[in-house]
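See below for the structure under consideration.
Naming: A, B, ... by sequence-line order, numbering from 1 per chain.
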Amino acid sequence: MHDIRALRADPAAFDADLARRGMDPVAQQLVSWDEERRQVQTALQEKQARRKALAREIGGLKRTGEDSSALEAEGIEIRAEMEILERRVADLEGQTAEILASLPNRLDASVPDGLDEAANVVQHVWGTPKEFSFTARQHFELGEALGLMDFGTASKLSGARFVVLCGALARMARALGQFMLDQHTDENGYVETQVPVLVNDAAMYGTDKLPKFADQSFRTEDGRWLIPTAEVPLTASIAGDILDALTLPRRMTALSQCFRSEAGSAGRDVRGMLRQHQFEKVEMVSVTTPEESEDEHERMTRCAEKILEKLGVSYRRVLLCAGDTGFGAAKTFDLEAWLPGQAAWREISSCSNTRDFQARRMNARFRPQGGAPAFVHTLNGSGLAVGRTLIAVMENGQNEDGSITVPEVLRPYMGGLERIG
RNA sequence: GGAGAGAUGGCCGAGUGGCUUAAGGCGCACGCUUGGAAAGCGUGUGUACGUUAAUAGCGUACCCAGGGUUCGAAUCCCUGUCUCUCCGCCA
């Protein structure tokens with residue numbers, strides 16, 4: 001959601017940002033609606049003031065038993081006039097809100113131009129992309145050969161894009177989730193949180209998943225949504241609040257199941273568990289003041305990077321270009337892990353600063369010392385996607401005989417197991 | 001799933017159509033008082049939008065949300081949401 005006053009103040013800059021995302025200008029239309037809205041609203045408020053005065057006068061006359069029929073007639077007239085003005089204000093506000101809600105966030109100045117991922121900018125690479133003396137296998141080849149990753153049974157149960165893990169791989173998935181949570185709570189200052197995975201419209205709208213991405217999410221028959229990410233309940237937890245500035249930054253982390261319909265991605269990553277309808281993810285959410293959000297973004301991204309470093313998986317940090325930056329984000333860093341089996345960098349985390357974009361949609365504010373309430377900034381990042389991390393650990397830790405070496409940091413979570421298979 | 005009760009400001013709480021500009025209390029802030037504190041006294045104490053150079057004033061709206069009745073709604077009517085109590089079922 002955007003501030004109509006900011007748009008009014010500099011319509012050209014607003015449209016220029018939209019153009020960077022490949023979108024048509026809208027400012028002129030919105031500004032003219034806003035101008036009319038303010039005029040009509042002022043006229044309406046004058047009528048309301050008159051109605052108020054009339055009601056008080058009539059009340060006085062009635063108490064003393066005097067005739068008030070002339071004033072009551074004026075009241076009827078005023079009500080009719082107000083109805084027209086009210087409808088016009090509601091129409092203008094509705095139209096404006098509908099468009100504002102459908103527009104993506106303003107981009108940070110540091111976001112590079114470009115319409116797709118080809119224009120993303122690699123910031124740095126950690127580690128050396130692993131190479132093997134033998135032909136590296138993909139995770140599903142490894143997992144199926146070990147008998148611990150079963151897509152056939154999953155399709156029997158649920159259909160395509162699901163998986164059944166068992167034995168040591170199931171345990172490794174659990175170990176990864178525990179390891180990540182422990183890191184974020186013990187080392188990184190996030191508060192562990194358990195959240196509902198079914199949420200209402202308001203939570204989805206506030207975190208900018210509605211109205212635009214309704215077709216990417218699953219909806220229950222009673223009108224709730226399966227969360228596409230724990231970002232939704234974690235961030236929406238502060239909806240409508242005015243937080244004490246002293247409690248910021250607020251950092252929360254959650255391990256949750258995530259659900260995505262993957263509509264429109266037919267044919268992409270159909271093999272293996274890279275792209276599933278249901279997956280586990282450890283999410284980080286930070287709520288900060290506007291002054292702190294940029295530093296927090298860097299801090300959060302580092303928290304995600306450190307997980308990969310401890311797991312010994314080579315990765316690179318990518319600054320997304322304008323066209324690839326998500327709807328709600330002002331700026332996004334993706335972390336891409338090296339997958340030797342695919343011989344490719346694949347997204348394993350995405351850390352975004354939404355600034356006040358979500359805060360406006362959910363009306364989440366803080367009170368600066370002695371000042372008026374202001375919108376908080378919200379940030380979210382994967383720390384990390386558990387299923388994809390499992391893939392990375394499998395492919396990077398594979399041995400020629402098809403066994404998988406368990407990263408040292410995970411061994412305490414796996415009963416000391418050093419090797420799978 | 002069934003039955004009932006409720007939702008008023010930061011908190012408690014009064015309020016069954018106009019005399020409510022939401023009483024009163026608590027909390028909080030500031031001031032007076034004091035050697036200092038407490039007590040006491042006084043003043044103030046929300047959000048949004050409009051107007052405006054203004055975070056000064058002024059205006060409008062807001063008593064869970066959305067509709068309706070009325071000259072006039074916290075108050076009456078309808079719908080929804082949430083909370084609580086009891087019964088049933090249940091990990």
Side-chain angles (χ1 to χ4, degrees), chain A residues 1-10 30-101 194-206 210 219-225 233 236-248 257 289-291 356 359-376:
Chain A
M1 181 60 78
H2 295 281
D3 182 2
I4 188 72
R5 279 172 301 192
L7 192 155
R8 200 194 293 159
D10 194 352
L30 291 175
V31 166
S32 82
W33 281 345
D34 182 55
E35 211 165 293
E36 186 186 348
R37 186 205 105 235
R38 281 146 62 210
Q39 273 173 19
V40 177
Q41 185 168 324
T42 301
L44 174 61
Q45 287 178 355
E46 281 163 13
K47 301 285 180 199
Q48 286 170 327
R50 180 62 188 148
R51 175 183 64 177
K52 216 173 174 178
L54 274 176
R56 200 167 301 159
E57 279 185 66
I58 294 169
L61 292 175
K62 296 238 177 197
R63 244 170 282 128
T64 56
E66 291 171 75
D67 175 48
S68 60
S69 54
L71 295 181
E72 284 181 38
E74 187 186 346
I76 292 173
E77 215 171 285
I78 286 218
R79 188 167 66 189
E81 293 165 353
M82 280 175 56
E83 265 171 37
I84 294 166
L85 297 172
E86 275 168 3
R87 209 172 305 129
R88 188 61 188 151
V89 169
D91 283 351
L92 289 164
E93 278 178 348
Q95 289 169 358
T96 304
E98 195 182 327
I99 291 192
L100 285 177
Q194 285 206 2
V195 291
V197 297
L198 288 173
V199 298
N200 59 25
D201 285 349
M204 290 286 280
Y205 177 85
L210 292 178
R219 188 152 208 218
T220 63
E221 282 188 0
D222 67 351
R224 284 178 244 270
W225 301 88
S237 68
I238 59 159
D241 289 347
I242 299 178
L243 304 172
D244 187 333
L246 296 173
T247 67
L248 301 178
Q257 296 288 344
T289 62
E291 294 72 31
D356 64 359
R360 283 181 187 286
R361 292 170 84 95
M362 63 176 76
N363 195 26
R365 292 168 293 172
F366 75 105
R367 189 182 297 281
Q369 288 300 85
F375 290 110
V376 295

Between A:R8 (CZ) and B:C49 (P), how many Å, whole number?
10 Å
Tell me the interatomic distance from A:D241, atom CG, to B:G46, atom P, rounded to whole angstroms.
19 Å
Just so I know, are the side chains of A:K52 and A:Q48 near enough to count as touching, which here means a heavy-atom distance under 4.5 Å?
no
Calculate the interatomic distance between A:N200 atom CG and B:A65 atom P; express it in whole Å.
16 Å
With respect to the phosphate group of B:G72, does any side-chain polar atom (N or O) of A:K52 fall under 4.0 Å of OP1 or OP2?
no
When the P atoms of B:G40 and B:A22 are considered, how many whole Å apart are they?
28 Å
Heavy atoms only, 4.0 Å cut-off, all strands: where does A:G59 land among base, sugar-phosphate and nothing?
base
Given that both distances must come in under 3.5 Å, which nucleotide forms a Watson-Crick or G-U wobble pair with B:G88?
none
Compare side-chain N and O positions of A:K62 against OP1 and OP2 of B:C71 and report whether any pair is under 4.0 Å apart.
no
B:G13 to B:G1 separation - P atoms, rounded to the nearest Å
30 Å
Rounded P spacing from B:A5 to B:G10 in Å:
29 Å
Counting only heavy atoms not in A:R8, do more than 12 sit closer than 6.0 Å to its CZ atom?
yes
Is the distance from OP1 or OP2 of B:G46 to the nearest side-chain N or O of A:R365 less than 4.0 Å?
no
Under 3.5 Å donor-acceptor pair, A:Q45 side-chain atoms to B:G59 base atoms:
yes
Could you tell me whether A:D34 and A:R38 have a side-chain N and a carboxylate O separated by less than 4.0 Å?
yes
Between B:U34 and B:A23, how far is it from one C1' atom to the other, in whole Å?
34 Å
B:A74 versus B:U20 - spacing of their P atoms, nearest Å
14 Å
Does A:R360 reach a base, just sugar-phosphate, or nothing at all? Heavy atoms under 4.0 Å.
nothing
What is the distance from CD of A:Q48 to P of B:C58, rounded to the nearest Å?
19 Å
Selected nucleotide, minimal atom distance to A:E72 side chain, candidates B:C71, B:G18, B:U51
B:C71
For A:I76, answer base if it contacts any base atom (sugar-phosphate contacts may also be present), sugar-phosphate if it contacts only those atoms, and nothing otherwise; contact means non-hydrogen atoms under 4.0 Å.
sugar-phosphate
Hey, does A:R50 reach any base, or is it just sugar-phosphate, or nothing, if we go heavy atoms under 4.0 Å?
nothing
May I ask you to evaluate whether A:R37 reaches the phosphate of B:C49, defined as a side-chain N or O under 4.0 Å from OP1 or OP2?
no
Does B:G72 have its OP1 or OP2 closer than 4.0 Å to a side-chain nitrogen or oxygen of A:R56?
no
Any salt bridge linking A:E72 with A:K62? Criterion: basic side-chain nitrogen under 4.0 Å from a carboxylate oxygen.
yes
Expressed as a whole number of Å, how far does the C1' atom of B:G9 sit from that of B:U51?
26 Å
Could you check whether any side-chain heavy atom of A:R37 comes within less than 4.5 Å of a side-chain heavy atom of A:R88, counting everything from C-beta outward?
no
Heavy-atom check, side chain of A:M82 versus side chain of A:L44, under 4.5 Å
yes
Using Watson-Crick geometry (N1-N3 plus N6-O4 or O6-N4) or G-U wobble (N1-O2, O6-N3), each under 3.5 Å, B:C64 is paired with B:G80
C1' atoms of B:C89 and B:C26, separation to the nearest Å
43 Å
Mind checking if A:R51 touches a base, just sugar-phosphate, or nothing, with heavy atoms under 4.0 Å?
sugar-phosphate
Nearest to the side chain of A:T42, heavy atoms from C-beta on, is which of B:G50, B:U60, B:U47?
B:G50
For the P atoms, the ones on B:G2 and on B:C12, what distance do you get once it is rounded to whole angstrom?
31 Å
How many Å lie between CE on A:M82 and C1' on B:G59, as a whole number?
14 Å
Does any part of the side chain of A:D201, heavy atoms only, come nearer than 4.5 Å to the side chain of A:R219, both counted from C-beta?
yes
To the nearest angstrom, the CD-C1' distance between A:E46 and B:C49 comes to 15 Å
